[in-house]
Amino acid sequence: MPATQLNLNQIFKQYIERKSIFRNKESLTDHYMPDHILHREREIKQIAETLAPSLRGEKTSNMFLFGTVGTGKSVSMKYVASELEKASENVRILYVNCKMKKVSDTEYRLLAELTRKLGLFVPPTGLPTDHIYNMFFNALDSRKQSVILVLDEIDVLIEKAGDEILYNLTRINQELKNAKLSIIGISNNTTFMNDIDPRVKSSLSEEEIIFSPYNANQLKDILGERALDAFNENVLEEGVLSKCSALAAQEHGDARRALDLLRIAGEIAERSGALKIGTEYIDMAEERLDMDRVEEIVKSQPRQSQSVLSAIIKLTEDGHQNIQTGDVFVYYEKICRQCAIRPLTQRRISDLVAELDMLGVINARVISRGRYGRTREITIPSNKAITGRIKKILQERSLF
DNA sequence: GTCAATTCACATGAAAGAGACCACGGTCTAGTG
DNA sequence: CTAGACCGTGGTCTCTTTCATGTGAATTGACGA
């Protein structure tokens, strides 16, 4: 038996025998539906009141839910939706997350998905769009019912497929004989409303609900409740929840982030064989999340931008202080020559540096140094582990 | 010592060019009846 | 005969360059006390 296999068996055996600190890890993921939702009573009531007429078969107002990530928009909506469906057989909720690639790309795909949800078979491609419109329409109008269409992350849909589809959907009501259709858009981007057709805009936002970020205390309540379900007893050390919620509150009150922190802290603790989660694991989790985020960004950057980043890291490692755009450009040109990349102009590099700053991969601030000109002063965040990770990614692409 | 003018090293804007990408209509081709 | 492959065309979008203008404090140099 090869040595590696033996080791694996040991690992598995240990894994089974070890007492897990998780009871139900699911409840820390963002698709988990809690039994009741904390600190969103007002919003839930408002949604429910807006949608209640559907129980009597009346048309409800179209509605828009706004709020930054992790403020409970989707959960609240789903909660009301499921309660509504329980309350009446004539109410149907079609929930679509437009971020899912297979749904959001085109008008056709969205309609196909919706029609499928109404129980019809639709081929993934091949039918003309107006044909599928008819299918959707007929399926909708086949019986007396209130259909509530929830478009989560609706901004993604508009960006890719245009606002025409919304216009068509809002008009469909005028032709329906039996059914009623109302549309609910959910978005974390408040500005995208500006560049959609005003007719669509006014008909969609008959009702608007803003979800404000949670504060640290509210986050703590939410975490506390989920943690009760997620972990076995006496696993969490004192102060862990407070720390988690404080960190997440700094990041615009993002509950998803708070849950991620807690879950990853748990995973790290479990893997290292700990029986309890202390605050130090939260720190580790935060670093992990940061690292993953930066890694994701760096990987997805175009080659030119990666070269710029490489130049900045090289300059820093060579011990340069007060790195300026001009320095970066010189190093960048060198790298381009080595890697046979056509160098861009300094003008463009200036923009790329600004972009990297925006993404939080580097810090760059514009300073004026009097006689010695105006430039950006560039530094990289002093986290060795993350910088190391970035270097490795750049090396894999032979840019370092 | 004071104050306005000068200077540096880019930042920032606007406009135009290059190239990738996509929808759309027309043509061709192979398979079917 | 028709569905699907293939191809050219025009339009759109994104990235980049070119040209032009803006920026803010250290420095400079004239001027007056």
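For clarity, every value in this text was computed on a predicted model and none was experimentally measured. Convention: sequence-line order gives letters A, B, ...; per-chain numbering from 1.
Between A/Gln324 and B/dC10 there is a side-chain polar atom (N or O) within less than 4.0 angstrom of OP1 or OP2. At C/dT27, one or more side-chain N or O atoms of A/Tyr372 fall inside 4.0 Å of OP1 or OP2 (strictly under the cut-off). OP1 or OP2 of C/dA26 has not a single side-chain nitrogen or oxygen of A/Ser368 nearer than 4.0 Å.
Taking atom CZ of residue A/Arg369 and atom C1' of nucleotide C/dA26, one finds them 11 Å apart after rounding to whole Å. With rounding to whole Å, A/Arg303 atom CZ is found 18 Å from C/dT16 atom C1'. A/Arg374 places its CZ atom 12 Å from the C1' atom of C/dT21, with the value rounded to the nearest Å. As a whole-Å value, the separation of A/Ile323 CD1 from B/dA9 P is 18 Å.
Classification of A/Glu355 and A/Arg348 as a salt-bridged pair holds, one side-chain N sitting under 4.0 Å from a carboxylate O. Of the charged side-chain nitrogens involved, at least one lies within less than 4.0 Å of a carboxylate oxygen, so that A/Glu317 and A/Lys391 count as a salt-bridged pair.
Residues A/Phe66 and A/Phe211 keep their aromatic ring centres 6.0 Å or farther apart. Separation of the A/Phe329 and A/Tyr331 ring centroids does not fall under the 6.0 Å cut-off.
Taking 3.5 Å as the limit, the base of C/dT27 and the side chain of A/Arg371 contain no donor-acceptor pair of atoms between them.
Annotation: cation-pi geometry satisfied between A/Lys78 and A/Tyr95 (NZ/CZ under 6.0 angstrom from ring centroid, within 45° of ring axis).
Shown for residues 339-367 of chain A: residues whose heavy atoms fall under 4.0 angstrom of DNA chain B, namely A/Gln346, A/Arg347, A/Ser350, A/Val366.
More than 12 non-hydrogen atoms from other residues, nucleotides or ligands lie less than 6.0 angstrom from NZ of A/Lys59.
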